[in-house]
Amino acid sequence: MDINIYAWIILLTILISTALDFIADYLNIKNLKADLPEEFADVYSEEKYEKSQEYLKERTRFGLISSLFSLALLLTFWFLGGFNYADLLVRSYTDNYIYQGLLYMAGLIAGQSILGIPFSIYSTFVIEEKYGFNKTTPTTFIMDRVKSILLGAVIGLPILAGLLYMLHSFGDMSWLYGWIGLTVISFALQFVAPRWIMPLFNKFTPLDDGELKDAIFDYAGKVDYSLKHLFVMDGSKRSAKSNAFFTGFGKNKRIALFDTLIEKHTTGELVAILAHEIGHFKKKHIIKSMVISVLHTGVLFYIMSLFLNHKPLFEAFFVDNIGLHTGLIFFSMLFSPIENVLSVIMNVFSRKNEYEADRYAVETTGKQDDMINALKKLSEHNLSNLTPHKFFVFMNYSHPPVLERIRAIRSIG
């Protein structure tokens with residue numbers, strides 16, 4: 001079995017990436033401090049701080065085991081000729097390239113999902129249960145997966161079919177049509193998801209009239225932010241962890257607060273959290289991210305067009321026939337080193353944006369302590385790591401460590 005240069009590049013990339021993740025995890029665990037940072041003495045008990053460190057250790061060990069399992073599964077499937085066997089199997093059923101692609105992708109995704117179920121069960125019903133986070137019932141767990149499968153069939157398969165058609169039918173310009181088509185679909189989903197998709201998994205209830213709603217709308221008016229859709233999401237249906245998020249755009253933009261967040265924070269803290277989310281909008285972080293995403297997709301499609309029918313890439317995976325469906329998978333693996341670098345770069349920008357949103361929230365609410373207290377409580381409730389290693393942050397964090405965010409807020413004055 002000959003291994004060509006593309007196989008070596010992809011294999012070394014996978015191994016180096018895995019090694020870097022292992023090093024980052026190791027340094028992160030070694031960087032744990034026995035003493036609670038003084039900044040959090042008013043929020044964390046010694047027992048809760050120790051619990052957060054045990055949670056980090058257990059999640060890290062579990063992540064390492066699941067990563068090694070995925071790596072072993074991929075390499076076994078690859079070097080035993082699994083990609084070629086699956087390709088020959090779907091070709092034996094149909095000569096239509098679209099049906100071949102749909103069957104091939106659906107089969108690989110289904111196989112990966114089935115093998116991942118035990119890990120999901122252990123993560124949810126053992127680790128998250130042990131540390132008091134899990135609220136998911138077996139029924140909810142099963143229904144989430146059923147809904148995801150149905151959504152994949154109703155939305156994912158037609159998108160894949162359209163992509164395969166465009167890549168097959170438009171010759172040298174196929175990458176351009178594919179880019180435009182996927183961009184249009186992505187924007188369309190921004191409208192559809194808040195109204196039709198997200199409610200399939202969670203209940204979104206308009207925030208009740210009262211002190212909190214009045215305070216939020218007063219603040220929104222003060223900063224000239226048109227706020228029509230403010231919802232409470234039943235996050236407690238699955239987890240005790242708390243969060244808030246911004247989704248959609250235009251008339252469909254909405255802010256959602258987890259019910260667990262409302263339960264654990266004061267009105268001032270919740271306004272500060274909402275001010276942070278509005279800060280992302282006011283600072284044009286969302287628009288910038290969308291523009292970068294569109295440009296990234298265009299570059300990705302153009303480079304992909306150079307490799308989709310490149311025979312040595314298929315030979316790297318011991319596949320006999322050139323096909324769009326296999327080409328998409330193999331190119332994604334070849335491109336992964338660049339994606340990893342881009343991910344690190346985007347995290348740098350994301351952390352910068354978080355600092356800017358924090359500053360916006362503090363300056364527009366005039367309540368520095370509310371923002372700090374909100375961050376402290378979020379960390380305590382979610383058992384966040386208070387002392388992550390710098391290399392782990394560099395590689396993985398889209399948000400700055402909470403202690404650094406608090407120091408930046410205090411420097412605002």
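Because the structure is predicted, anything quoted here is derived from the model rather than measured. Atom set for the values below is all heavy atoms of this structure, side chains included, hydrogens, waters and symmetry mates excluded.
- Judged by distance alone, with hydrogens and angles left aside, the side-chain atoms of Tyr55 form no donor-acceptor pair with the main-chain N or O of Ser384 at under 3.5 Å.
- Tyr225 has its ring centre less than 6.0 Å from the ring centre of Phe281.
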task = Could you go through the side-chain hydrogen bond (donor to acceptor under 3.5 Å, both in side chains) check for Ser186 and Thr183 one step at a time?
result = CA-CA 5 Å; Ser186 297; Thr183 299; over 6 Å; no
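- Using a 4.5 Å heavy-atom threshold, the side chains of Tyr131 and Leu383 count as touching.
- Taking a cutoff of 4.0 Å between a charged side-chain nitrogen and a carboxylate oxygen, Lys376 and Glu39 qualify as a salt bridge.
- A salt bridge links Asp358 to Arg405: at least one charged side-chain nitrogen sits closer than 4.0 Å to a carboxylate oxygen.
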- How far apart are the C-alpha atoms of His265 and Asn373, what are their side-chain angles, what is the distance that settles it, and do they pass the side-chain hydrogen bond (donor to acceptor under 3.5 Å, both in side chains) test? CA-CA 9 Å; His265 290 267; Asn373 290 335; over 6 Å; no
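- In this structure, the separation between NZ on Lys367 and OG1 on Thr266 is 9.5 Å, given to the nearest 0.5 Å.
- Ring to ring, Tyr6 and His310 are close: their centroids are under 6.0 angstrom apart.
- Between Trp179 and Leu300 the shortest side-chain heavy-atom distance does not fall below 4.5 Å.
- Remark: Arg351 fails to qualify as a cation-pi partner of Tyr355 under the 6.0 Å distance and 45° angle criteria applied to the six-membered ring.
- A salt bridge links Lys241 with Glu128: the closest approach of a Lys/Arg side-chain nitrogen to an acidic carboxylate oxygen falls below 4.0 angstrom.
- Lys282 approaches Val223 most closely through the heavy-atom pair NZ-O, 2.9 Å.
- Within a 6.0 Å sphere centred on CZ of Phe201, other residues, nucleotides and ligands contribute more than 12 heavy atoms.
- Ion pairing of Lys237 with Asp259 is absent here, as no side-chain N (NZ or NE/NH1/NH2) approaches a carboxylate O to less than 4.0 Å.
- Looking at heavy atoms from C-beta onward, Tyr219 lies out of side-chain contact with Leu274 at the 4.5 angstrom threshold.
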Please determine whether side-chain contact (heavy atoms from CB on, under 4.5 Å) holds for the pair His389 and Met395, giving the CA-CA distance in whole Å, both sets of side-chain angles, and the decisive distance to 0.1 Å. CA-CA 10 Å; His389 191 275; Met395 293 290 292; over 6 Å; no
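- Among all heavy-atom pairs drawn from Val393 and Pro401, the shortest one is CG2-CG, 3.7 Å.
- The ring pair (Phe, Tyr, Trp, His ring centres under 6.0 Å) test with Tyr122 singles out one residue from Phe62, Phe69, Phe141, and that residue is Phe62.
- A donor-acceptor contact closer than 3.5 angstrom links the side chains of Glu356 and His285.
- Minimum interatomic distance between Trp78 and Ile10 (heavy atoms only, all atoms of both residues): CH2-CG2, 3.9 Å.
- More than 12 heavy atoms of other shown residues, nucleotides or ligands fall within 6.0 angstrom of atom CD in Glu363.
- In this structure, Tyr360 has its ring center no closer than 6.0 Å to that of His276.
- Taking CD from Glu58 and OG from Ser123, the interatomic distance works out to 10.0 Å, rounded to the nearest 0.5 Å.
- Of the charged side-chain nitrogens involved, at least one lies within less than 4.0 Å of a carboxylate oxygen, so that Glu54 and Lys57 count as a salt-bridged pair.
- Aromatic pair Phe330/Phe83: centroids less than 6.0 angstrom apart.
- Defined by atom type and a distance below 3.5 Å, a donor-acceptor pair is present between the side-chain atoms of Asn134 and Glu129.
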